[in-house]
Amino acid sequence: MLPEGSPIFYLELNDDALIRDIVSGVYTGAPVARDIQNLYPFGLIVSLLYRILPEVPWFGGLLFALQALALLVILVRSIGLVRRDRLPIRIRLGITLIWAAITVLILPHFLFVQYSVTVGLLAAAAAYLFITGDATRHYVGGVVLTGTAFLIRSEMLLLLLPMILVALLFRYAGEIRASRADNEELPGFVDLIRYPFITSHYRRFGVTFLSLILVLAACWSLDRIGYAPEEWDSFVRFFDARTEVYDFTGVPAWEGNEEFYRAVGLDESDVTLLENYNFGLAEEIDADAMERIAEYGRSLLPSAAVRLGKAAREYFYRLHHLGFPEDFTWPQTDAPWNLVVLFLYLALGIAVWLRTPDTAERGRRIGNALWRPIVLFSVRSVLWLWLLSTGRAPVRVTGPLFYVETAILSGALLMLMLKERAEVVRETDRKDPADREAGTIGAKERISRSLTILRIALAAAIAVIACVYGVQSCRVIEQEESKRALANQAYTALRDRCARDRDSLYLFDVYSSVAETRPLFREARKTGRPDNLDLLGGWAVKSPAWRDKLDRYGFDDAAEALLADDVYFVTREGEEFAPDWIIGFYAARGQKVQLTLIEELPAAQDGTGFVIYQVREG
């Protein structure tokens, strides 16, 4: 049962909420274009929108709208294709059922919105436009969607870019095939090399490819210009190294690595801050130190062969493992998406087999036609192996890989069936009047009927998957909504407490903050003053925006601030969140401090409660 007034739509992670706070002006008191995670042009546009209409929830609204746009693009393009070719109603219903089922599986990401998933859906729509496109507007749309995704999260789009290019390659191959006299079989990969310079197709797809690369290069260049100021350039170095340490290499323990840390200029108390993520206290942990830690962490990793072997075992396990999601953020299974993709690969292979005439050359022709799924599967395998070898594959990253792959496979299958339908119409038009009157069935029509059965079977299979997993997904969503709403009671009480004391600054233990989730469309009121509850670590710490916020409160650094009269430390109740490390940090700098308990906030229904300390010398 959800508490009264609980929101339905959430930003999935604190990362999304912090981006919004920065661009909306909640974080520093004024909208900031450099939000660190998005590329500069996107942050600039959103921050300007907040300056114009600050009460509109622009950030969450844009992510939600872009996800809806991605699904709408796929739906409209599918409808356009089936209407253009005047497909029978049973085929239209089958296509509609497939995409309705896939939409059901995606719907949870409209309740818990995460910007990496937004990028995945935009990339899937772009790939679908590329693989089904037959007009300039489709290719332009694909380029625009890809560029927009790149602006929102460049790393995520770069991971998906190889599959987007595969979609463009497949469409190029289809155009070459349509232009050749030998129109009975799909061109093999050799044919792409043999016939790459057919003028009209080379111009169209060459321009599309170059436009795509130029758009991405322009977005990246504008971002570099936006972050060119020296203070931001130094922070970007720190940010990149911090990302590598926390996402990939891990923080090397103090024990056994004392010599390395001393050479970097860090002591055990600094390493404790790195481990509990509150490194904002230590000015010694700068860009140079973090880069050296990242480099040292890489040297401690297992060899590439060992990591690749482990990744391969996990990859093959995840290909076939089925289970029901146990949690929204960490479902512990790739189902149902691995099952959907498997059915699409099988359907594409069966469709190719059914379309190939039963002749002596059937084997060669089937092999010649199957290069598409083989290339796609090879590319996806490389991407998955790389991702798994890093040891970090959250569902917000693996999900987009599945979405793009699903879009490419379904688009390829649809184009194959549309081609078969066109051949049936031509065969019917060439029939002798006597055969037509006698109802004689031609070879193409027999194939078309088999493909219709395949379509119905595929639609039914995906619909069953959507129904079975949709029911479980509803349970997981209800559990997630309840969990977030209950956890947020404590965080709401904390924020209300801080809001009543606007002149004081509250510095928050990072790991005490991770359970908070923020509503998608309900934002903090913009007062023109910086939010007075801030983290002692995280990806925004040590940025110029963070230092500007400290400066607004009259401090140069967090260690100085924490000892001031109107600054307090906030952490969760419980032994694991005990702030004894603060005493050790200042002791290593020759300062004796004591922590005084100021207030214990009432615990929420789920047991979460917060305590407020004052740190003083003496």
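Here the structure is a predicted model, which means the values were calculated and not measured.
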*Looking at OH of Tyr10 and OG1 of Thr517, how far apart are the two atoms once the value is rounded to the nearest 0.5 Å?*
5.5 Å
_Do Tyr553 and Val567 have side chains that approach each other closer than 4.5 Å (heavy atoms only, starting at C-beta)?_
no
*With the threshold set at 4.0 Å, does a side-chain nitrogen-carboxylate oxygen contact exist between Arg589 and Glu560?*
no
*For the residue pair Ile152 and Leu66, establish whether any side-chain heavy-atom pair is separated by less than 4.5 Å.*
yes
*State, to 0.1 Å, how close Tyr27 and Pro530 come at their nearest heavy-atom pair, and which atoms those are.*
O-CB, 3.3 Å
*Does Tyr115 offer a backbone N or O that forms a donor-acceptor pair with the side chain of Asp16 under 3.5 Å?*
yes
*Which heavy atom in Leu550 sits nearest to a heavy atom in Ala558, and how many Å separate them?*
CD1-N, 3.8 Å
*Hey, what do you get for OG (Ser47) to CD1 (Ile52), rounding to the nearest 0.5 Å?*
9.5 Å
*Answer whether the closest heavy-atom distance between the side chains of Arg495 and Glu516 falls below 4.5 Å.*
yes
*Are the side chain of Arg572 and the backbone N or O of Tyr511 linked by a donor-acceptor pair below 3.5 Å?*
no
_Would you compute the distance between atom CZ of Phe238 and atom CD of Glu291 and round it to the nearest 0.5 angstrom?_
10.5 Å
*Please check if the side chain of Thr492 supplies one atom and the backbone of Asn488 the other of a donor-acceptor pair under 3.5 Å.*
yes
*Under 6.0 Å between ring centres, would you say that holds for Phe239 and Trp232?*
no
_Asp566 (side chain) donor-acceptor with Asp503 (main chain) under 3.5 angstrom_ = no
*Smallest separation among heavy atoms of Gly226 and Arg34, with atom names*: O-NE, 2.5 Å
*Residues Phe59, Ile19; criterion side chain to side chain contact (heavy atoms under 4.5 Å, CB included); working and verdict*: CA-CA 9 Å; Phe59 182 76; Ile19 294 170; 3.6 Å; yes
*Over 60° means perpendicular and under 30° means parallel, so classify the ring planes of Tyr277 and Phe279, tilted if in between.*
tilted
*Where is the tightest heavy-atom contact between Trp254 and Leu266, given as atom of each residue plus distance?*
CZ3-O, 3.9 Å
*Please walk me through it: do Phe110 and Phe64 pass ring pair (Phe, Tyr, Trp, His ring centres under 6.0 Å)?*
CA-CA 7 Å; Phe110 284 85; Phe64 189 92; 5.3 Å; yes
*Are Ile612 and Arg497 side-chain neighbours, meaning at least one heavy-atom pair lies under 4.5 Å?*
yes
*Are any side-chain N or O atoms of Arg616 and backbone N or O atoms of Thr596, one a donor and one an acceptor, separated by less than 3.5 Å?*
no
*Inspect the contact between Lys483 and Glu480 and indicate whether a charged nitrogen and a carboxylate oxygen are less than 4.0 angstrom apart.*
yes
*Do Asp286 side-chain atoms and Ala289 backbone N/O form a donor-acceptor pair below 3.5 Å?*
yes
*Decide yes or no on side chain to side chain contact (heavy atoms under 4.5 Å, CB included) for Asp270 and Tyr261, but give the supporting numbers first.*
CA-CA 9 Å; Asp270 295 315; Tyr261 279 117; over 6 Å; no
*Carefully, step by step, assess Thr243 and Glu155 under the rule side chain to side chain contact (heavy atoms under 4.5 Å, CB included).*
CA-CA 12 Å; Thr243 300; Glu155 300 92 341; over 6 Å; no
*asked:* Going by ring pair (Phe, Tyr, Trp, His ring centres under 6.0 Å), Phe508 matches just one of Phe610, Phe577, Tyr613, Phe569. Which one?
replied: Phe610
*Of all the heavy-atom pairs spanning Gly43 and Asp35, show the shortest one and how long it is.*
CA-OD2, 3.7 Å
*Classify the ring geometry between Tyr403 and Trp337 as parallel (under 30°), tilted (30 to 60°) or perpendicular (over 60°).*
perpendicular
*Taking the side chain as every heavy atom from C-beta outward, state whether Phe248 and Thr390 have any atom pair closer than 4.5 Å.*
yes
*Distance (rounded to the nearest 0.5 Å) between Leu388 CG and Leu383 CG*: 11.0 Å
_Chi angles and distances behind the side chain to side chain contact (heavy atoms under 4.5 Å, CB included) call for Asp501, Tyr568_ = CA-CA 11 Å; Asp501 186 16; Tyr568 302 92; 4.3 Å; yes
*How many angstroms lie between CD in Glu523 and CG in Leu520, if you round to the nearest 0.5 Å?*
8.5 Å
*Are any side-chain N or O atoms of Glu258 and backbone N or O atoms of Gly256, one a donor and one an acceptor, separated by less than 3.5 Å?*
yes
*Side-chain (Asn278) to main-chain (Val510) donor-acceptor, under 3.5 angstrom*: yes
*Output yes when a side-chain donor or acceptor of Asp531 lies under 3.5 Å from a complementary backbone atom of Val26, and no otherwise.*
no
*asked:* If you define the side chain from C-beta out and look only at heavy atoms, does anything of Arg484 sit under 4.5 Å from Glu12?
replied: yes
*Taking all atoms of both residues into account, what is the closest heavy-atom pair of Gln67 and His109, and its distance?*
NE2-O, 3.0 Å
*Between Leu160 and Leu401, is any pair of side-chain heavy atoms under 4.5 Å apart?*
yes
*Flag, side chain of Ser389 to backbone of Trp386, donor-acceptor distance under 3.5 Å*: yes
*Reported SG-to-CD1 distance for the pair Cys467 and Ile465, which is rounded to 0.5 angstrom*: 10.5 Å
*Got Val245 and Val251 here, is their nearest side-chain heavy-atom distance under 4.5 Å?*
yes
*Might you confirm whether atom CH2 of Trp220 has over 12 heavy atoms from other residues, nucleotides or ligands at distances under 6.0 Å?*
no
_Can you confirm whether or not the ring centre of Tyr469 sits under 6.0 Å from the ring centre of Phe324?_
yes
*asked:* Just checking Glu231: does its CD atom have more than 12 heavy atoms from other residues, nucleotides or ligands closer to it than 6.0 angstrom?
replied: yes
